[in-house]
Student: 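The structure is given below, and queries will be raised subsequently.
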Amino acid sequence: MRGFRLMIAFFTRLPAGVPVYTEGLFARGIRTMPFVGLILGVILYLAGLLRLLGLPEPVLGLVLLGVYCFTTGGLHFDGVADTCDGIFSAQSRERMLEIMKDSHIGTFGVLGLVLLLLGYVVFLGEVGKHLPPALLCMPVVGKGAMVMVSWKAPCARKEGMGYGFITRVGKTELFWALAVVPLVILLMEPGLLLAGGIALGGAFAARKKFERTLGGLTGDTLGFICEWSQILFAASAFFTWYVAEGVLSGGF
C-alpha cells in the first residue's frame, strides 16, 4: 500500500500522502500503476454523469478534460511536448535528446499539445455521452501501456526518473498490467477490448519508433505513450460505437 500511495503521489494530484521515498518502495509501486489508472478512471466516470444534464458533447468533453487535468496535474503533457519537439526536429539522435531536455517548448511541441487537447475534448465528449464505460477504462489502458512498453525496453538515457521506471519493470509488473487492463475492460464493457488492443498496439508502435530514432525510451516518451494510448483508446471506442450504431440502424 505504501508503494501504491507513492505512485498516486507521483502520477496524480490526489491527496494520498507522500511516503518516505526509497528505490525499493518505488520499484514495488510500479506494479500498482493500472490501479492508479483505475482511480483516475472512476473519477472521470463519475464526472461523466454530467451528461444527464443534457450537456452537448463538446461542453462535456471540455469539462472532462478539465477534471483529467486537475486530477493528474497535466503530468504527461510536458512529455508529449518534449517528445514532439525532439522527434520531429529531424536532427541527430544526440541533438534530439538535447532538445527533449530543454525546458523551452518549440513549434512541434505546441502543435502536439494542441492536437492532444483537441482530441481529448472531442473524444472524451463523445464517449462520455455515448459510451461512459470507456471513461473508466481509458486511464487504466494508459497507465498499463506505460508498464507494458517498458518491459525489456532499452533506455535512451542512463539517468532520470524514466530510467528508474523502465529498468524496474520486471515479470511481476508486466503480469499485473496484462491481467488488470483486460479484466477492467471485460467487467465494464467487453466491446471495448478491440479499442484496448488498438491502443496497446499503438503504444508498442511508438516504442519501436523511439527505439529507432532515439535508441530507446525516456521519461518523456513514456509520458507521450501514456497520452497517445489513451487518445487512441477513446477514438477507437468512439468509432467502434459509431460504426456499430450505423450498422444496427441500417445506415451503412
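These numbers come from a predicted model, not from an experiment.
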Student: CH2 of Trp151: more than 12 outside heavy atoms within 6.0 angstrom?
Tutor: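 It does: Trp151 CH2 has more than 12 such atoms within range.
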
Student: When hydrophobic residues are tied together by side-chain contacts of less than 4.5 Å, even through go-betweens, does Leu49 share a cluster with Val42?
Tutor: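 The answer is yes; both residues are in one hydrophobic cluster.
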
Student: Is a side-chain donor or acceptor of Ser229 paired with a backbone partner of Cys226 at a separation under 3.5 angstrom?
Tutor: yes

Student: Checking the side chain of Thr221 only, and the main-chain atoms of Leu217 only, is there a donor and an acceptor separated by less than 3.5 Å?
Tutor: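 Absent.
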
Student: Determine the minimum heavy-atom distance between Glu211 and Pro154, stating which atoms define it.
Tutor: OE2-CD, 3.3 Å

Student: Do Phe10 and Ile39 sit in one hydrophobic cluster, given that two such residues count as connected whenever their side-chain heavy atoms are within less than 4.5 Å of each other, even indirectly?
Tutor: yes

Student: Write down the atom of Pro133, the atom of Tyr45, and the distance for their closest heavy-atom approach.
Tutor: N-CE1, 4.1 Å

Student: State the CG-NZ distance between Leu52 and Lys129, to the nearest 0.5 angstrom.
Tutor: 9.0 Å

Student: How far apart are the closest heavy atoms of His104 and Asp85, and which atoms are they?
Tutor: O-OD2, 4.2 Å

Student: Is the closest side-chain heavy-atom distance between Val141 and Ile185 below 4.5 Å?
Tutor: yes

Student: Does CZ belonging to Phe88 count more than 12 external heavy atoms closer than 6.0 Å?
Tutor: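 No, CZ of Phe88 has 12 or fewer neighbouring heavy atoms, counting only those of other groups under 6.0 Å.
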
Student: Taking the side chain as every heavy atom from C-beta outward, state whether Leu44 and Pro139 have any atom pair closer than 4.5 Å.
Tutor: yes

Student: So do the side chains of Leu117 and Phe77 get within less than 4.5 Å of each other, counting heavy atoms only?
Tutor: yes

Student: Which atoms form the tightest heavy-atom contact between Leu192 and Ala237, and what is the distance?
Tutor: CD2-CB, 3.6 Å

Student: Give the C-alpha distance, both sets of side-chain angles, the deciding distance and a yes or no for side chain to side chain contact (heavy atoms under 4.5 Å, CB included) between Cys137 and Phe233.
Tutor: CA-CA 9 Å; Cys137 297; Phe233 177 80; 3.6 Å; yes

Student: Is Thr218 close to Tyr163 at the side-chain level, that is, under 4.5 Å between some pair of heavy atoms?
Tutor: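 When only atoms from C-beta onward are counted, Thr218 and Tyr163 do not touch, as no gap falls below 4.5 Å.
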
Student: Is it true that, when you exclude Lys208 itself, more than 12 heavy atoms of the residues, nucleotides or ligands shown sit nearer than 6.0 Å to its NZ?
Tutor: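 Not buried by this count: 12 neighbours or fewer within 6.0 Å.
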
Student: With no hydrogens and no angle check, do the side chains of Tyr242 and Glu126 hold a donor and an acceptor under 3.5 Å apart?
Tutor: no

Student: Which pair of heavy atoms, one from Val180 and one from Pro34, lies closest together, and at what distance?
Tutor: CG1-CB, 3.6 Å

Student: If you measure from CD1 on Ile231 to CG on Leu118, what distance do you get to the nearest 0.5 Å?
Tutor: 9.5 Å

Student: I'd like to know if Ile43 and Leu75 are part of one continuous hydrophobic network [Ile/Leu/Val/Met/Phe/Trp/Tyr, side-chain heavy atoms within less than 4.5 Å].
Tutor: yes

Student: Got Leu214 and Met100 here, is their nearest side-chain heavy-atom distance under 4.5 Å?
Tutor: yes

Student: Membership question, hydrophobic clusters at under 4.5 Å side-chain separation (ILVMFWY): are Met33 and Met161 in the same one?
Tutor: yes

Student: Is there side-chain contact between Val122 and Pro58, with heavy atoms separated by less than 4.5 Å?
Tutor: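 When only atoms from C-beta onward are counted, Pro58 and Val122 do not touch, as no gap falls below 4.5 Å.
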
Student: Does any part of the side chain of Leu62, heavy atoms only, come nearer than 4.5 Å to the side chain of Leu124, both counted from C-beta?
Tutor: no

Student: Given side chain to side chain contact (heavy atoms under 4.5 Å, CB included), test Ile87 with Lys209 step by step and report yes or no.
Tutor: CA-CA 9 Å; Ile87 291 296; Lys209 170 67 175 178; 4.1 Å; yes

Student: Take Met146 and His76 through the side chain to side chain contact (heavy atoms under 4.5 Å, CB included) test and state the conclusion after the steps.
Tutor: CA-CA 11 Å; Met146 291 177 66; His76 299 308; 3.9 Å; yes

Student: Can a donor-acceptor pair be found, under 3.5 Å and without considering hydrogens, that links the side chain of Arg168 to the backbone of Gly164?
Tutor: yes

Student: Quick one: does Val36's side chain get under 4.5 Å of Phe4's, heavy atoms only?
Tutor: yes

Student: CD1/Ile198 to OG1/Thr240 distance, rounded to the nearest 0.5 angstrom?
Tutor: 5.5 Å

Student: Taking only Lys NZ, Arg NE, NH1 and NH2, and the carboxylate oxygens of Asp or Glu, determine whether Glu98 and Lys101 approach each other closer than 4.0 Å.
Tutor: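 Looking at Glu98 and Lys101, the cut-off is not met.
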
Student: Would a distance-only check, ignoring hydrogens and angles, find a side-chain to backbone donor-acceptor pair under 3.5 Å from Arg212 to Arg207?
Tutor: no

Student: Under the side chain to side chain contact (heavy atoms under 4.5 Å, CB included) criterion, do Met148 and Leu200 qualify, and how do the steps go?
Tutor: CA-CA 9 Å; Met148 292 181 198; Leu200 294 175; 3.9 Å; yes

Student: What pairs with Arg31 under salt bridge (Lys or Arg N to Asp or Glu O under 4.0 Å), at least two apart in sequence or on another chain?
Tutor: Glu173

Student: Verify the cluster assignment for Leu183 and Met138: are they in a single hydrophobic cluster under the rule of side-chain heavy atoms below 4.5 Å apart?
Tutor: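 Hydrophobic grouping puts Leu183 apart from Met138.
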
Student: Examine distances only and state if a side-chain atom of Thr32 and a backbone atom of Gly29 form a donor-acceptor pair shorter than 3.5 Å.
Tutor: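 Yes, the answer is positive, given that a donor and an acceptor are paired below the 3.5 Å cut-off.
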
Student: Find the distance between CZ (Arg51) and CG (Leu55) and round it off to the nearest 0.5 Å.
Tutor: 11.0 Å

Student: Distance from Leu131 atom CG to Phe123 atom CZ, nearest 0.5 Å?
Tutor: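 Here the rounded value is 13.0 Å.
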
Student: Kindly compute the distance separating CG (Leu40) from CZ (Phe11), expressed to the nearest 0.5 Å.
Tutor: 11.0 Å

Student: Any idea which heavy atoms bring Cys84 and Phe224 closest together, and the distance?
Tutor: SG-CE1, 4.0 Å

